[in-house]
Each structure stands twice: as C-alpha cells, then as structure tokens.
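Start at 1 with the first residue, then count along the sequence. Read the numbers this way: they start at 1 and go in the same order the structure lists the ligands and their atoms.
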Amino acid sequence: MKIYADNAATTKMSKRAIEAMIPYMDTVYGNPSSLYSFGQEAKEALEGFRQRAADIIGCEAREILFTSGGSEADNQAIITAAHLGEKKGKKHIISTAFEHHAVLHTLKKLEKEGFEVTLLDVHENGLVTAQQVADAIREDTALVTIMFANNEIGTIQPIAEIGKVCREKGVIFHTDAVQAAGHIRINVIEQNIDMLSISAHKFHGPKGIGILYSKKSIRLENLIEGGAQERGKRAGTENLAAIAGMVTALEDAVNNLDENTAKVTKLRDRLIEGLNEIPHSILNGDAVSRLPGNVNFCFEGIEGESLLLLLDDKGVAASSGSACTSGSLDPSHVLLAIGRVHDVAHGSLRLSINEETTAEEVEYIITAVKDVVSLLRGMSPVWRNLMEGKQKFILE
Ligand SMILES: *Cc1c(COP(=O)(O)O)cnc(C)c1O
C-alpha cells in the first residue's frame, strides 16, 4: 500500500487543472503584453481568470495580484503594510508565534529595519483570540498578520472577528490563507480581510503560482521591478498556464467544498479516534476548529524523524513538525508555541489527508502508526526510564 498523507505540504494536481493549463502552453501562448492578436487573446484569458478568482473570494478583479506562490504573497503583503505604516510613523506589527516561516522571516527582516514585532501567544488549543489582538493594538500599529489556518496543527483562527477588531482600530489586517483556500470558505468582505495570501499547490493546483488579494485602497510595494505587468506591481511575464490551473482547481475546490468537508472530516475524526488509543499521546490543536484534513499528534518517548522513516517503509508519506530540512534538530516552533515541551514536541506526527483518502487507508495508517510507535518505544532508552519510573511521563 502507498498512501500520501502529506497534503498540507503539497497536493497532487487534479486532472482538470492539468487539462486547463494545456491550451496556454500549446495554442494561446502569446505574451499578454503584446499588442497583436496572439498577445491579446492571452491578455483576455488572463483577465478572465482574474475575474473568476475575484468572484471566489468576493473581491474586485483589480484587487487580485498573481504571484509566484504563498511565500511571495506573504512577503509583499507584509512589506507593503509595514512601509505604508512607517510613512505615518507607525512601526509596530502584530503577529503570532506560530506563523509560517514566510511570515516570521519577513518580520525578522523588518525588525532589522527598526520595526517592533509583537508575537501573540497561542493558546494550548492552537487558537488566538480577537481580544488578544485588541489588547495588543497600539497607536503605532501598522499591521496585524495572523494566519487563517495553521499548516502544522490545522487550527482555524477566528479571522472575521480579528478582522473586525483591526477595522475598528484602522489597522491593516493580512492573513496567510494558504492552508485555508479551497478548504474553508473565504469572503474577504464578510471576514474583514484587507490582504490575503493563497497558493495553488495546496488545493490541487500547480506549484509556483499564487494570489495576493490586496484591498484597492492599499498601494502595493513591488518586490520585483521590471515590466508593467500586474498593474505595475509585480513584474515578469504572467504564467498564464499556471494561473489557468490554479483558478480551475480553486473553483473545483470551492464548488465541492461542503461535500469534501463532510467526507474528509469524518475520516479525520476516525484517524484521531484511532491514534488516541495510543497511550501517552496527545492531539495537537483544537479538535473542532480545525482543518478537515489535518491530524497532528505527539507521542511521548519517540522521535519524529524515526517515526516518519519507518512509516515511509510501510508506504505512508507523512510529516513531522521538526525542522529537519533546515539541518537543525530544533522541534517545531508551532508545537513550542502551543506549549509542548521539547521532549514531547520532538515526537510529533502530522497526517494531512484529503477527499481522495479512503476509509481503508485510514485504518491502514492507524495500524501502521500504532506498530511503529510500539517498535520505537521498545528500542528507546527514554521510554525504558519512563516505564521504570526513573523519569516522569509528561503526557498522560
Ligand atoms: C505552503 C505554505 C506557504 C508557502 O506557499 P508557497 O506557495 O509554497 O510559497 C505559506 N504559508 C502557509 C501557511 C503554507 O502552508
């Protein structure tokens, strides 16, 4: 059996998205900036996709900027809002401790420019409240940036309420909605959102393409200088094929949202139920305000990387919060943010399923995780100490 349970990292492209891309590589390949008909046909298609994207999130077409993905959209939104604030003497930014690195590292850069950043504590259930935001906003706050749904633990923030607080206080509100788009309903008007980031490859679209929604009253700052594409705010010949794939995938996701949510939530809850049977384990993040496809557990006495490798041997592709990619053995900043101690945070596992996951696959995953956790605990000196009472359990 081979099971892909890492859809929060990236997804397989849908057939429909792939098919939607082909005409823009094959026949309508003109440069949208060219004046002859090849170009104009491409330009018309581009603007058609922009309108369709705008319709999905409830904004105007001119408020949609196509970017190279979620990271670029996050960077451009945050840098724009920070510098707009700076012009009015506002150099304070509010965010949370469990944002994606595209946000956290951009904030680090702004700190070096003299901005002050307040990272709100995240409650143990993986949520921040609108009240926390209200309490943190100051006269000199230029921006609040809080993610819609967390990529590791899947918790969904009270975005509309947070947006309302920001609006009342006249502060720009950006949300990284990369994990939310296509999985949770988004309406930027109803949810009081000024700026929002989307990435296609998290909802069966292609990699390397995304959207920055930015309210028309906000004057965007360029990250990339060059031609006048994207109303002069993002130079570079438009990747029309990728845009076609993204908008098609997003429309499909939104059209099937209720059905998929019901189906995936049921599978997710069975997965949680099954893994909860493992002793000395804990579900990370709220069980209810959580993405339909996200399951994230910590298992005491084991180490995430070994767990992943052994699961891979059993054909299950999953993820651990530990930042092994960066070459460090630091546990996930997200798990630390919700108060998991280092030893526990190291033993984390994220499974992100989707509408293509089957009930049989879920049962297979439960058995595989149980087997691997037992195997690893059987070999672990830490586990022996815990069992012999030489060390105290942290998780019940
Ligand atoms: C994947 C992800 C990103 C980065 O998006 P890319 O398109 O890969 O640059 C940003 N934020 C969150 C929450 C993500 O999950």
query: Which residue and non-hydrogen atom of the protein lie closest to atom 7 (O) of ligand 1, and at what distance in Å?
result: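 Ranking protein heavy atoms by distance from atom 7 (O) of ligand 1, first comes S199 OG, 2.6 Å.
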
message: Using a 4.0 Å cut-off to any heavy atom of M147, which atoms of ligand 1 qualify?
response: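 Checking each atom against M147, I get 13 (C).
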
- prompt: Do any N or O atoms from the side chain of S289 and from the backbone of I156 form a donor-acceptor pair under 3.5 angstrom?
  reply: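 Checked: pair present.
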
- prompt: Would you call R185 and D258 a salt bridge, taking side-chain N to carboxylate O under 4.0 Å as the test?
  reply: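 Salt bridge: yes.
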
query: What residue and heavy atom of the protein are closest to atom 8 (O) of ligand 1, and at what distance?
result: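 Ranking protein heavy atoms by distance from atom 8 (O) of ligand 1, first comes H201 NE2, 2.9 Å.
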
message: Any non-hydrogen side-chain atom of H204 less than 4.5 Å from a side-chain atom of N354?
response: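 Side-chain contact under 4.5 Å: yes.
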
Tell me which donor-acceptor pairs under 3.5 Å the side chains of residues 388-396 have, and how far apart each pair is, sequence neighbours excluded?
from : atom 1 : to   : atom 2 : distance (Å)
E388 : OE1    : K390 : NZ     : 2.9

Note, L119 side chain near L107 side chain (heavy atom, < 4.5 Å):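 Contact flag for L119/L107 side chains = yes.
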
message: Give me the residue, atom name and distance of the protein heavy atom closest to atom 6 (P) of ligand 1.
response: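 Heavy-atom neighbour on the protein nearest atom 6 (P) of ligand 1: G70 N, 3.5 Å.
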
F38 and Y29 aromatic ring geometry - parallel, tilted or perpendicular at 30°/60° bounds: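 Ring orientation of Y29 relative to F38: tilted.
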
query: Which ligand 1 atoms are under 4.0 Å away from a heavy-atom of G69?
result: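 With G69 as reference, the close atoms of ligand 1 come out as 7 (O).
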
field: Taking atom 2 (C) of ligand 1 as the reference point, the nearest protein heavy atom with its distance
entry: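 Looking at atom 2 (C) of ligand 1, the protein heavy atom closest to it is K202 NZ, 2.6 Å.
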
field: Closest protein heavy atom to atom 3 (C) of ligand 1, given as residue, atom name and distance to 0.1 Å
entry: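 Result: H100 NE2, 3.5 Å.
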
query: What part of S71, side chain, backbone, both or neither, has a heavy atom within less than 4.0 angstrom of ligand 1?
result: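 Both backbone and side chain.
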
- prompt: In the protein, which heavy atom is nearest to atom 11 (N) of ligand 1, and how far is it?
  reply: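 Minimum-distance protein heavy atom for atom 11 (N) of ligand 1 reads D176 OD2, 2.6 Å.
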
- prompt: Using 4.0 Å as the upper bound for N to carboxylate O, is an ion pair formed by E363 and R270?
  reply: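 Salt bridge flag = yes for E363 with R270.
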
